[in-house]
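Small disclaimer: the values here were computed from a predicted structure and weren't measured.
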Number of protein chains: 2
Amino acid sequence: MEETTSVKQPVTDNTRERLLDRSEILFAHKGFAAVSVREITGSANCNLSAVNYYFGNKMNLYISVFKERWIPRMKQVRQYADDYLSSRQTIGISDIIRAFAKAFLDGPITDEERIYHFHLMQREIAHPTEALKMVVDEIIHPMHKDIRGLIKPSLPENLSSEKLALSIFTTISMILYFGFAQPVISLVMDQKFDPAFKSRVIDHIVSFAMNGINGLKKEETV
Amino acid sequence: MEETTSVKQPVTDNTRERLLDRSEILFAHKGFAAVSVREITGSANCNLSAVNYYFGNKMNLYISVFKERWIPRMKQVRQYADDYLSSRQTIGISDIIRAFAKAFLDGPITDEERIYHFHLMQREIAHPTEALKMVVDEIIHPMHKDIRGLIKPSLPENLSSEKLALSIFTTISMILYFGFAQPVISLVMDQKFDPAFKSRVIDHIVSFAMNGINGLKKEETV
DNA sequence: GTCTATAGCAGGATAGAC
DNA sequence: GTCTATCCTGCTATAGAC
């Protein structure tokens, strides 16, 4: 009842936190059905019945992973991009692209986090649960609208909003793909995803997308 | 023993074929672990033990889906792109991009097939089984090399092969994303994936990727 | 080649002691 | 809040009749 103000450790019981941490990785890696509660509690070093105690059932743990891990992480990524942009004097299209490419691929989250973060999302797209709608409504849709608002001033007034939206999706697709398909890319290119390569990838994405969007500008004014 | 040459129906027993057809859809939709043999045989309208009879066990059915459905379909898609290109007099970069964009998004396979085809692949990337190596070795790697060979003559000699490889991945990422993330795109853009929209998407991909690759050319010659 | 029956096991969830 | 013990369901795989 009485909250101590001890600084040492988080006050909240951390079995619950460990369950969220470990199950996120397992769900991302194998999918909801392929992970057993026994595996989760084993990995989180707690008792089998802890999942039911803290979350009621397995599905609710899964939903909670999105609410308490996935969405906050996306907000962190988003914040990184916003900070990057507000540190600039003037904001051009390439700054915006770089802000989001860096935020997603080289931002506040670790490489490991990034991979399971994307995998969770891909699984939801393939087989949506109620988590997908939550995530689209709370994160993806707003982010998309904000990016549109950022880019629009740099483009001709008469540019169709469909072309703009498609360009944003296209740019995001590149970013996500490099975050997601790393294993295949490494296999085909025979190239490890070390920091130097990652930085070249980000440069590549920025210039590729820039050229794409600028081309849009030309098309429209012709 | 004796094969009749009747034209009416495929000669081969078709319980096995139905199992492959139905299980591919189920595996793609829900993932290997989330689909039970009961569900598969129910969907294929055959007896529970048919999976074991024809494939030995559930995992071998899964592998067979890749061998006998996924890979042949990719070969079909690839053939479509090759046919498209060989029907042209001269082949520019935009023809090559269009050939593959059309092959993947508007080619010989149905929209439904395309979606579960991509989902199966995404699941393999997230949690590889022996199917992934088979698919990369037999299809993805060769296709990537062939595309590189097709595009190279249209680019400056001194272009680094890394930049070329990244551009190909980037272009493919756009194509795959529009094949895969249709549900999310539809949700965010409030736009159904009807044939007219799909054709605008293909045009968009071609011009976006063209501008990206041509920009590469300029960078290099500066 | 198709069926039923069942072995054998692993899963989620809960009750109740501590 | 953590533990053990247990219920019960549903799974894969196989044996053996037809």
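- In terms of phosphate contacts, A/Y53 brings no side-chain nitrogen or oxygen within less than 4.0 Å of OP1 or OP2 of D/dC3.
- For the pair B/R18 CZ and C/dT2 C1', the interatomic distance rounds to 12 Å; values are reported in whole Å.
- Taking atom CG of residue A/L19 and atom P of nucleotide C/dA13, one finds them 13 Å apart after rounding to whole Å.
- Distances shown here put every side-chain N or O of A/R38 at or beyond 4.0 Å from the OP1 or OP2 atom of C/dA10.
- The nearest whole Å value for the distance from the CG atom in B/N52 to the P atom in D/dG16 is 16 Å.
- A/K198 meets the salt bridge (Lys or Arg N to Asp or Glu O under 4.0 Å) test with A/D106, A/D111; sequence neighbours excluded.
- Where B/K58 and A/N47 meet DNA chain D, the nucleotide closest to each residue was compared, and A/N47 sits on the side nearer the 5' end.
- Phosphate contact (OP1/OP2 of D/dG1, side-chain N/O of A/T15, threshold under 4.0 Å): absent.
- Of the N and O atoms on the side chains of A/E124 and A/T129, at least one donor lies less than 3.5 Å from an acceptor on the other residue.
- Judged by atom type and distance alone, B/S36 does not reach the base of D/dC11 through any side-chain donor-acceptor pair under 3.5 Å.
- In this structure, A/E39 atom CD and C/dA13 atom P are separated by 15 Å, rounded to whole Å.
- Of the listed nucleotides (D/dT12, D/dA5, C/dT4), D/dA5 has the atom at the smallest distance from the side chain of A/L48.
- Regarding A/F32, its CZ atom lies at a distance of 13 Å from the P atom of C/dG11, rounded to whole Å.
- Taking atom OH of residue B/Y54 and atom C1' of nucleotide C/dC3, one finds them 13 Å apart after rounding to whole Å.
- Ion pairing between A/R69 and A/E17 holds under the 4.0 Å rule for side-chain N and carboxylate O.
- With contacts defined as side-chain heavy-atom distances shorter than 4.5 Å, the pair B/R16/B/Y53 does not qualify.
- No side-chain heavy atom of A/T170 sits less than 4.5 Å from a side-chain heavy atom of B/I205.
- Distance B/E17 CD to C/dG1 C1': 15 Å, rounded to the nearest Å.
- Atom P of nucleotide D/dA13 and atom CG of B/L61 are separated by 10 Å, given to the nearest angstrom.
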